[in-house]
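FYI, side chains are in, hydrogens and waters are out, and symmetry mates aren't considered; it's all heavy atoms of this structure. Predicted, not measured: the structure shown is a model, and the values here were computed from it. Here, residue 1 is the first one in the sequence, and each next residue gets the next number.
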Amino acid sequence: MTHFGIMCPPVSGHLNPMATLGYELKQRGHRVTVLGIEDTQPKVIAAGL
């Protein structure tokens with residue numbers, strides 16, 4: 001298991017693809033941490049990360 005850190009600007013065009021990537025990594029058994037401003041927290045949680 002690898003621990004991935006995802007950083008991206010807090011805009012949908014960046015956040016949505018990274019959330020999809022993070023979710024897929026999590027489904028494969030990896031640990032994923034999203035680093036960013038607190039405003040993105042609801043979207044990150046909704047994505048299952």
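- By the side-chain contact (heavy atoms from CB on, under 4.5 Å) test, Thr33 pairs with His3, Leu35, sequence neighbours left out.
- In plain terms, the two heavy atoms of Lys26 and Gly48 that are nearest each other are NZ-O, 2.7 Å.
- Residues that satisfy the side-chain contact (heavy atoms from CB on, under 4.5 Å) test with His30, not counting sequence neighbours, are Thr2, Phe4, Leu25, Arg28.
- Shown here are the side-chain contact (heavy atoms from CB on, under 4.5 Å) partners of Ala19, two or more places apart in sequence or in another chain: Ala47, Leu49.
- Applying the salt bridge (Lys or Arg N to Asp or Glu O under 4.0 Å) test to every pair with at least one member in residues 6-23, sequence neighbours left out, gives no pairs at all.
- The salt bridge (Lys or Arg N to Asp or Glu O under 4.0 Å) contacts involving residues 3-23 comprise nothing, where partners must be two or more places apart or lie in separate chains.
- Across every non-hydrogen atom of Arg31 and Met1, the tightest pair is N-CG, 3.9 Å.
- Residues in residues 36-49 take part in these side chain to side chain donor-acceptor pair (under 3.5 Å) pairs, two or more places apart or across chains: Ser12-Lys43.
- Closest heavy-atom contact between Ile37 and Pro10: CD1-CG, 3.6 Å.
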